[in-house]
Amino acid sequence: MRRRSRSLRAARSLGADARVRALLDWFPDHRRPLPWRRRRTPYRVWVSEVMLQQTRVAQAVPYFERFLRRFPSLRVLAAASEEQVLKVWEGAGYYARARNLHRAARQLVREQGGRIPRRSAELRKLPGVGPYIAAAVASLAYGEPILALDSNGRRVLARWTLERSDPSSARFSRRLERWAVRHVPPERLGEFNEALMELGETLCRPTGPQCAVCPAASACRARQELPDPGAIPSRRRRGPKPLVVGAVTAIERRGRWLVLRRPSAGLLGGLWEFPGGKLEPGESPEAAGRRELREETGLTVGVLEPVATVRHEYSHFRVALHLFRSRSPRGRLRVRGRRHRWVGMRELRRLPLPRATLKMIPFLRPARDPGRVSRG
DNA sequence: TAACCGTGGTG
DNA sequence: TCACCAAGGTT
């Protein structure tokens, strides 16, 4: 049965490019059983595409399972609070993805009776849905004959066609899109989209492509004409990430800790954290901890107890956060422009927290080992 | 166009 | 330790 369906598929695309034909023939036997490929509903495809944005499959899988258990449908998602959604997203990063997905769900329930649009042009209007995700959902979930080209796909096509233009330029994407649309039969575009990604992730990787087992190797220009096919597309090197030094103060009062909610937009939007901020030039961490606390909460403290230094890396900078603790703040609490709460440890763990804050929590447990400070 | 937006795996 | 980078979107 399998051989017959494979040859039928291959026969139908006889007019296509040899690499396209080889890819489409290879895919059915090399298609990994990923969770979003079971029961392929538009909602599941959409959630998976959002999660997979800039994220490896292995990292996305557990989040996808957890998210679908907690929010099995668009309506359940729309009925949840943003905080609940962010909590499930906690640790996955790029939190705007979760906020946008939630906003879009609410918008669809409010305006479209909870139905996910079938056409990519309509999907494209939803928050957090750009050209790629719109095309991917429309083609994978609804069979719209539209090309969905991600960075995996662009890398593969650039190697096939020896496309040497700057990968960050519009020209690069435009030329590859044109090539694909010319060489893939429209009715095969959905399969092609997925097959190309699969090839890009499993064999035609950024470095060290596995040409020996690649179904398209014999017609791949990079393979045939370059000493290292992995040299295409060219990779631009980024400079080192700048280091930001900050101070964070955990205020404890009767077993409860003061936390602030970050503004909805921007870095870690909507997540909760302890008061703190960047050191000013020449300022000591402790002085910064006192100053930030005063500015953000109106509270003043005397000597701060150093607890740990937590290091963390974001998309475009690194931080070293000096964590302090105080049990004796003075003054009247006055937080402007953001929500604040006093929470016990159990309640704290129920809030959506940034990774860096999660790293701090073990240091704040009841002191078995007073004065303990982390390395670094 | 380019900066911004997290996190974890990898060599 | 370090730089790369992974099913992109927004501003």
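What you see is a predicted model, and the numbers here were worked out from it, not measured in a lab. Proteins come first, then strands; the chains are lettered A, B, ... in the order of their sequence lines, and each starts at number 1.
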J.: What's A/T207 touching, base or sugar-phosphate or nothing? Going by heavy atoms closer than 4.0 Å.
T.: nothing
J.: Measure CD1/A/I133 against C1'/C/dG9 and give the value in whole Å, please.
T.: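 After rounding, the gap between these two atoms is 8 Å.
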J.: On DNA chain B, nearest-nucleotide positions of A/D166 versus A/A96: which is more 5'?
T.: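 Nearest nucleotide further toward 5': that of A/D166.
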J.: Identify whether any heavy atom of A/V50 sits under 4.0 Å from a base atom; if not, whether one sits that close to sugar-phosphate; answer base, sugar-phosphate or nothing.
T.: nothing
J.: Name the first nucleotide and the last nucleotide along DNA chain B (5' to 3') that come under 4.0 Å of a heavy atom in chain A.
T.: B/dT1 to B/dG9
J.: With a 6.0 Å cut-off on the ring centroids, do A/F64 and A/W36 count as close?
T.: yes
J.: Looking across every strand, which nucleic acid part, if any, lies under 4.0 Å from A/A148 by heavy atom: base, sugar-phosphate, or nothing?
T.: nothing
J.: Could you check whether A/G153 gets within reach of a base, just the sugar-phosphate, or nothing at all, counting any heavy atom under 4.0 Å?
T.: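 A/G153: no heavy atom of the nucleic acid under 4.0 Å.
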J.: Heavy-atom nearest nucleotide on DNA chain C for A/Y94 versus A/E313: which residue maps closer to 5'?
T.: A/E313
J.: Between A/G128 and A/E49, who's closer to the 5' end of DNA chain C by nearest nucleotide?
T.: A/E49
J.: Taking the P atom of each, how far is B/dG8 from C/dG9, in whole Å?
T.: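 Looking at atom P only, B/dG8 and C/dG9 are 23 Å apart.
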J.: In whole angstrom, give the distance that lies between atom CZ of A/F172 and atom P of C/dG8.
T.: 13 Å
J.: Under 4.0 Å, heavy atoms only, any strand: does A/S48 hit a base, just the sugar-phosphate, or nothing?
T.: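 If one applies the 4.0 Å heavy-atom cut-off, A/S48 turns out to touch nothing in the nucleic acid.
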J.: When all nucleic acid strands are considered with a 4.0 Å heavy-atom cut-off, which category describes A/R355: base, sugar-phosphate, or nothing?
T.: sugar-phosphate
J.: Within a radius of less than 6.0 Å around CZ of A/R182, do more than 12 heavy atoms belonging to other residues, nucleotides or ligands occur?
T.: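 Enclosed.
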J.: In this structure, is the centre-to-centre distance between the rings of A/H316 and A/Y314 below 6.0 Å?
T.: no
J.: Can you tell me how far P of C/dC2 sits from NE2 of A/H316, to the nearest Å?
T.: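 Taking NE2 of A/H316 and P of C/dC2, I get 19 Å after rounding.
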J.: From the list C/dC2, C/dG9, C/dA6, which nucleotide is the closest neighbour of the side chain of A/R318?
T.: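 Looking only at heavy atoms from C-beta outward on A/R318, the closest nucleotide is C/dC2.
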J.: Expressed in angstrom and rounded to an integer, what is the separation of A/F64 atom CZ from C/dA6 atom P?
T.: 22 Å
J.: Take a 6.0 Å sphere around CZ of A/R66 and say whether it holds more than 12 heavy atoms from other residues, nucleotides or ligands.
T.: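 More than 12 within 6.0 Å, yes.
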J.: Taking only the P atom of each, what is the distance from C/dC4 to B/dA3 in whole angstrom?
T.: 15 Å
J.: Determine the interplanar angle of the A/H183 and A/W179 rings, folded into 0 to 90°, and report it as parallel if under 30°, tilted if 30 to 60°, perpendicular if over 60°.
T.: parallel
J.: Less than 4.5 Å apart, any side-chain heavy atom of A/L189 and any of A/I146?
T.: no
J.: For A/L34, which contact category applies under a 4.0 Å heavy-atom criterion: base, sugar-phosphate, or nothing?
T.: base
J.: Reading DNA chain B from 5' onward, which residue's closest nucleotide shows up sooner: A/P354 or A/S169?
T.: A/S169
J.: Verify whether the ring centers belonging to A/F67 and A/F71 lie closer than 6.0 Å.
T.: yes
J.: Think A/Q53 has a side-chain N or O under 4.0 angstrom from the OP1 or OP2 of C/dG9?
T.: no
J.: Tell me which pairs pass side-chain hydrogen bond (donor to acceptor under 3.5 Å, both in side chains) where either residue lies in residues 271-282 of chain A, with sequence neighbours left out.
T.: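 Found A/E83-A/W272, A/R262-A/E273, A/E273-A/R338.
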J.: Find the distance A/R97:CZ to C/dG8:C1' and express it as a whole number of Å.
T.: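 Going from CZ in A/R97 over to C1' in C/dG8 covers 9 Å.
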